[in-house]
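Single-structure report; data block below.
Values below: every heavy atom of this structure, side chains too, minus hydrogens, waters and symmetry copies. Numbering of ligands and ligand atoms starts at 1, following listing order.
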Amino acid sequence: MSSLARKHVLVGVTGGIAAYKSAELVRRLVDQEAIVRVVMTRAAREFITPLTLQAVSGHPVRDALLDSQAEAGMGHIELARWADHVIIAPATADFIARLAAGLANDLLTTLCLATEAPLSVAPAMNRVMWDHPATRANIDILSRRNVHILGPDSGLQACGETGEGRMIAPTDIVSCLNETPSTGVLQGVRVVITAGPTWEPLDPVRALTNHSSGKMGYAVASAAIEAGADVILVSGPSFELPPPGATIHSVKTANEMLAKVESQIASANIFIGVAAVSDYRPVEASRKKLKKGQETIRLDLVRNPDILASVAARADGPFTVGFAAETEATLNNAREKLLAKGLDLIVANSVTSDNNPFGSDHNHLLLIDAKSDLDLGRDTKSALAQKLIIEIARHYRAKHSTQDT
Ligand code: CTP
């Protein structure tokens, strides 16, 4: 049974050309046995009639705050309390700005302020409007308030331009709203994930390593399994419990991790490099324990192979996603890595005093492709992993559908 069954979903429709897709969204939600009520802005009525949305939802559609007849049935505060989820699709630039400013100047903005239900928005607008610093700043404000930003997609727009700003497909919105929203989005897809640190031995009792706990990589593996993927987890040393359902390969060094990844990668559709791989290893690991002697000693290190870059460089390589841990210029440094390593996506985490993901159950992630970035917000690693898997699945399918046409 869908996790949306018997859930109260309030669908907000604002005035954009994508409003015609709202009818399909409502239908898909009803198919999931959700109980749906629709609220439109005045401008939305120019694009789709209330009657259409009433017919698909099975309930009268509301658009006015001060409609005494409608308020007598279910007042706006009652409606705000009634909702288990609120989804605004499409969300125009104007609506996003009003939401970010906390305005309550019509029924829909008032409901968004008055509800305690999770709020999602599916932006839809011209690509220049989406790229405008004002819109980016508003989206940033909403992400920080834990509003889920679903999409947008890129492609041919109603205005004739091509770029980012199209509303994501109603089916993708429904997947995002499911309590385990990622259910099925990677059905039948084989995913290889690296996680944890690597250990580079100095001698039989010492090693060079880092603070990675494996929590983020294991959370990504769990979310991919929930999404229906066949998951192979190649893990450096970690105290985390292996996610049930994953095929796990334990390794220690970067070279062992590379060899294991190479043995698994030919049949993989997606590779996600979450591991904090040591960039260098001792030129030679002593076979005997090194004894102390001089006051200072030198350690000669040699570069390790870059596992992620070597997967991305394969001729028939999988869809490739990297992680980047940065202490400064997070967005720029991460995008440079994306381009230098030839990745499809990179996930940046800033390592700062406000967000130190190492060993923590929380993180703050930014998903970056060659042209755009999406702030996934600060959350638990498992919630972020779910959001990430939905986005990865969406980008993976978009790439395949373009390749197929
Ligand atoms: N990575 C890898 N093999 C390496 C080093 C990194 O597969 N030898 C992968 C990581 O799993 C991660 C991404 O590359 O997905 C970026 O790792 P990061 O440590 O942030 O960057 P580096 O490429 O190592 O660059 P630098 O340390 O200079 O920031």
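Only the backbone of P305 comes within contact range of ligand 1, with a heavy atom under 4.0 Å; no side-chain atom does. At a heavy-atom distance under 4.0 Å, only side-chain atoms of D279, from C-beta outward, approach ligand 1.
Looking at G273 next to ligand 1, an N or O pair under 3.5 Å apart turns up. Ligand 1 has no N or O atom lying under 3.5 Å from any N or O atom of T194, backbone or side chain. Considering both main-chain and side-chain atoms, F323 comes within under 3.5 Å of ligand 1 through a nitrogen or oxygen pair.
At least one cation-pi condition fails for R206 and W199: the charged atom is not both under 6.0 angstrom from the six-membered ring centre and inside a 45 degree cone around its axis.
Remark: the S250 side chain and the S235 side chain contain no N/O donor-acceptor pair separated by less than 3.5 Å. Under the 3.5 Å distance criterion, with hydrogens and angles disregarded, a donor-acceptor pair is assigned to the side chains of S350 and T330. In the model, N304 has a side-chain atom that pairs as donor or acceptor with a side-chain atom of E200 under 3.5 Å. For the residue pair H364/D375, the side-chain donor-acceptor check at 3.5 Å is satisfied.
At least one heavy atom of K341 sits less than 4.0 Å from an atom of ligand 1. For A324, the closest heavy-atom approach to ligand 1 falls below 4.0 Å.
Taking 4.0 Å as the cut-off between side-chain N and carboxylate O, R314 and D316 do not count as a salt-bridged pair.
When distances from atom 15 (O) of ligand 1 to the protein are checked, a heavy atom turns up under 4.0 Å.
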